[in-house]
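Order of the sequence lines fixes the chain letters, A, B, ..., with proteins taken first and strands second; residue numbering starts at 1 for each chain.
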Amino acid sequence: MKNRYLVGGPITPLLISEMMTLGNDDVGAGAVSIFIGKVRDDEINGKRVKAIEYSAYNDMAEKEANEIIKTVMMAFSDVRKIFFVHSTGTVRAGEVSLFIMVTAGHRDHATRACRHIIEMLKERLPVWKKELF
Amino acid sequence: MKNRYLVGGPITPLLISEMMTLGNDDVGAGAVSIFIGKVRDDEINGKRVKAIEYSAYNDMAEKEANEIIKTVMMAFSDVRKIFFVHSTGTVRAGEVSLFIMVTAGHRDHATRACRHIIEMLKERLPVWKKELF
Amino acid sequence: MSTTVTVLYFGAAGEIAGKPSEVMEADDTDTLCNRILEKYPAMETVPFRLALNRVLIKEGSPLKENDIIAILPPFKGG
Amino acid sequence: MSTTVTVLYFGAAGEIAGKPSEVMEADDTDTLCNRILEKYPAMETVPFRLALNRVLIKEGSPLKENDIIAILPPFKGG
């Protein structure tokens with residue numbers, strides 16, 4: 001099953017540019033809030049993280065993602081569009097594994113909805129990670 | 001005096017792409033929060049906004065912007081880099097007039113600092129606008 | 001009396017099981033969990049939740065033929 | 001007794017004055033504001049603040065030769 005919310009490997013600058021054009025034609029959207037999550041080169045037990053390998057429960061992720069969008073759109077009435085994608089597979093330190101974009105009429109709902117989506121995804125998206133050193 | 005924080009006309013997709021590569025080499029930055037402000041085609045007294053003409057007190061804007069960055073960096077210790085630019089001159093509906101990017105180790109300070117910068121800019125940046133119909 | 005279901009292992013659970021999925025027999029989720037913990041004692045160290053046919057469940061549930069049970073360690077996206 | 005300063009008009013203040021700046025004479029900001037309001041009565045409708053040499057001031061202040069006083073209507077960036 002094709003999943004709109006998952007992408008294999010890192011989220012590339014090209015893909016980000018493309019996603020950022022979505023909703024560009026909406027002249028009622030005065031505010032766009034974007035969050036980009038990247039793999040950090042953290043040190044864990046004296047070893048430096050080189051990459052993270054993400055795995056996901058695809059079918060459930062699709063369902064949860066749809067519900068998150070529905071819930072956030074209801075909670076923040078000024079929000080106009082929500083897009084996000086999460087990586088699966090290997091993403092190296094410095095590369096992007098999560099991209100979220102929210103457009104809204106005004107800044108308040110754009111920024112708060114974006115933050116809320118981050119937390120919802122962390123809580124509800126069936127994704128796991130494994131550090132590679 | 002050249003002002004790093006002001007740009008003539010709309011903030012183009014190309015400029016946004018360029019700014020988004022800044023700080024890309026920082027593998028300790030796990031979170032990037034971006035805010036994009038766009039001109040809305042609001043209706044005011046029955047007339048539709050076609051564009052906004054921004055003017056600024058350049059010298060003071062530079063000073064205030066520097067202070068805002070200093071203040072926000074102190075308040076949010078996990079923040080690593082802050083970039084922002086504001087348009088001056090004419091920006092049409094749908095075009096971008098404000099771009100803010102904050103990188104941080106983790107999401108909490110990235111998103112909160114970004115929101116705080118929006119509010120600080122609205123409060124302290126000596127910029128004015130005039131709707132064109 | 002033997003209902004056949006598919007068990008999916010994710011994250012650390014998949015590493016302990018050494019496989020992404022397998023077919024098992026159990027009439028309810030409690031029995032299934034007992035069998036999984038018996039077969040893979042290390043699974044005890046994983047605070048997993050269950051999804052039944054893609055929906056998280058909070059209480060034990062009877063199982064039907066061909067149900068899909070997913071073993072979900074804490075999510076770690078982002 | 002006549003200190004010469006430069007007055008900068010921004011936003012709505014610039015539209016009322018019909019110019020971005022002008023040279024005026026005043027020994028302190030209170031006197032200067034009175035002169036500006038006298039010269040441009042419509043300025044009364046603009047809730048402006050003052051910056052003295054790029055720094056917002058909250059109280060009246062004496063003026064030195066060549067000081068720059070900016071008339072700042074409410075900021076409207078973003």
With chain A as the partner chain, list the residues of residues 118-133 of chain B whose heavy atoms fall under 4.5 Å from it, by residue number, and write 'none' if nothing qualifies. B/I118, B/E119, B/K122
Could you name the residues of residues 19-36 of chain B that have a heavy atom within less than 4.5 Å of a heavy atom in chain A? B/M20, B/G23, B/N24, B/D26, B/V27, B/G28, B/A29, B/G30, B/A31, B/V32, B/S33, B/I34, B/F35, B/I36
Kindly write out the residues that satisfy side-chain hydrogen bond (donor to acceptor under 3.5 Å, both in side chains) with B/Y57, not counting sequence neighbours, or none if the list is empty. none
If you count heavy-atom pairs within less than 4.5 Å of chain B, which of A/T111, A/V49, A/I16 leads? A/T111
Measure distances from A/D108 to the heavy atoms of chain B and classify the residue's part below 4.5 Å as side chain, backbone, both or neither. both
Under 3.5 Å, side chain of B/R107 to main-chain N/O of A/G37, donor-acceptor pair present? no
For residues 68-101 of chain B against chain A, heavy atoms under 4.5 Å, the residues are B/A93, B/G94
